[in-house]
> 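I am attaching a structure below and will ask some questions about it afterwards.
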Amino acid sequence: MSKERTRISASVDLAAQGKQRGFLTVPHSRNDSAWGAIRIPITVIANGEGPTVLFTAGSHGDEYEGPIALMKLADELEPSAVSGRIIILPTMNHPAVRSATRLSPVDGRNMNRAFPGRYDGTVTEMICHYVYYHLVSRADVVVDLHSGGKTLDFVPSVVMHRLEDRELMDRTLSAIKAFGAPVALVLVELDNEGMLDTVVENAGKIFISTELGGAGTATARTVGVADRGMRNLLRHFDVLAGDPEPPAEGSRLMHTPDGGCFVPSADAGIYEALADLGANVRKGDPIGRVHFFEDQGRPPALYAAPMDGMVYSRHVPGLIGRGDCLAVLATDYTG
Ligand code: ZN
């Protein structure tokens with residue numbers, strides 16, 4: 001057990017066998033609740049020997065495939081089917097999920113920029129600190145489920161970072177192949193400071209993320225990708241019996257080789273996509289334009305594909321601002 005100090009208490013025994021459902025209690029004294037607390041649901045399912053897999057979702061509160069799939073997984077899995085230990089937090093940033101916002105309404109923090117957190121910090125920092133020092137510390141594999149939220153949408157994908165450690169890279173690569181999403185992506189992060197991804201990778205553990213969809217909702221297809229992917233990962237790591245089931249539609253291994261894949265908007269106006277998610281484009285093909293609805297007769301600003309590839313992500317709201325991510329392109333990964 002971690003001796004790291006924390007202000008968060010767990011109603012479950014993280015080391016016990018069997019299935020336990022309970023809460024992490026985060027003290028949160030406030031104007032409308034003097035001795036109040038935030039209760040974050042947690043499920044632990046353990047049986048015999050085997051790896052420990054930590055599943056988290058709801059780091060950003062407007063992403064829904066992860067919480068839906070993890071609530072179902074926590075309901076359905078029984079210890080008799082498991083070899084090892086599964087820890088499930090469907091709504092890790094519980095206040096943000098309750099308010100349907102990306103950032104925490106309590107302290108305004110982006111949870112996935114606040115790791116490894118502080119035991120005596122803000123609510124977000126306290127949760128990050130507990131997750132890192134008390135849950136990640138027990139885990140062999142960490143799976144943090146994300147989607148695009150209200151402002152981005154993605155081709156349903158499982159994601160890993162390009163890693164310096166070749167052995168860790170290879171083990172993670174074989175896991176994202178086993179997940180069985182339409183796209184398995186090796187991502188170059190533009191800004192990885194404070195991410196759960198970074199602290200887990202730096203600890204030498206396998207870290208897997210997703211971008212399952214987005215637009216502030218979830219679809220039957222994107223939740224289905226999450227459901228299958230998590231069970232496939234558990235089979236891949238021999239926590240569940242059987243072999244991973246590959247998707248009928250196939251899985252395309254891709255990457256974002258550098259920052260040039262990310263297309264930011266230099267304009268503010270109404271966004272018109274000219275290539276939909278999943279479209280294959282050539283360098284120079286038009287992918288979108290921004291209309292200046294307040295300037296009659298002004299030609300729209302045209303955005304072209306910076307490389308050959310697939311439209312992997314797009315801006316969702318009808319209005320776009322300067323600096324918003326307009327689109328992300330991915331190309332096939334050959335190693
Ligand atoms: Zn997210």
Side-chain angles (χ1 to χ4, degrees), residues 40 54-71 73 88-117 123-125 127-128 131-132 135-136 142-161 176 179 181-201 207-219 222-223 225-226 229-230 233 256 261-262 264 277 312-317 323-328 330:
I40 303 173
L54 170 63
F55 285 108
T56 56
S59 171
H60 297 130
D62 60 351
E63 303 173 0
Y64 294 101
E65 288 86 355
I68 292 168
L70 287 188
M71 285 188 288
L73 190 73
I88 303 174
L89 288 177
T91 56
M92 177 165 59
N93 190 355
H94 201 73
V97 175
R98 287 185 71 174
S99 66
T101 53
R102 179 174 179 81
L103 309 184
S104 174
V106 178
D107 55 21
R109 294 296 304 270
N110 177 349
M111 178 169 274
N112 212 23
R113 296 294 181 278
F115 281 91
V123 163
T124 301
E125 290 168 339
I127 298 169
C128 290
V131 168
Y132 181 63
L135 302 181
V136 171
V142 178
V143 185
D144 187 31
L145 301 167
H146 287 258
S147 301
K150 290 173 180 167
T151 63
L152 290 176
D153 201 2
F154 286 84
V155 176
S157 51
V158 59
V159 179
M160 67 172 288
H161 287 132
I176 68 165
F179 188 99
V183 166
L185 188 85
V186 180
L187 180 78
V188 173
E189 200 75 51
L190 292 183
D191 164 29
N192 69 357
E193 192 65 36
M195 296 180 75
L196 177 56
D197 321 41
T198 308
V199 296
V200 175
E201 290 158 3
F207 183 87
I208 295 158
S209 188
T210 61
E211 295 293 357
L212 290 161
T217 188
T219 69
T222 57
V223 173
V225 170
M230 284 184 303
L233 280 181
T256 54
C261 297
F262 297 79
L277 275 186
Y312 167 62
S313 178
R314 64 155 285 180
H315 178 80
V316 167
D324 287 352
C325 180
L326 184 143
V328 181

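For reference, positions follow the sequence shown, starting with 1. Values reported hereafter were calculated over all heavy atoms of this structure, with side chains retained and with hydrogens, waters and symmetry mates removed. In listed order, ligands and their atoms are each counted from 1.
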> About how many Å separate OG of Ser147 and CD1 of Ile68, when rounded to the nearest 0.5 Å?
9.0 Å
> Tell me yes or no: between the side chains of Tyr312 and Ser157, is some donor less than 3.5 Å from an acceptor?
yes
> Any donor and acceptor pair, going by atom type alone, linking the side chain of Thr210 with main-chain N or O of His146 inside 3.5 Å?
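Here the side-chain-to-backbone pair exists.
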> For Pro90 versus Met71, what's the shortest heavy-atom pair and its separation?
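So the two residues come closest at CB-CG, 3.8 Å.
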> Determine the sole option in Thr101, Asn110, Asn93 for which the side chain to side chain donor-acceptor pair (under 3.5 Å) test with His60 is passed.
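The option that passes is Asn110.
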> Could you please tell me which protein N, O or S atoms lie under 2.8 Å from the Zn ion (ligand 1)?
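His60 ND1, Glu63 OE1, Glu63 OE2, His146 ND1, with waters left out.
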> I would like to know whether Val131 and Phe115 meet side-chain contact (heavy atoms from CB on, under 4.5 Å); could you show each step before the answer?
CA-CA 9 Å; Val131 168; Phe115 281 91; 4.1 Å; yes
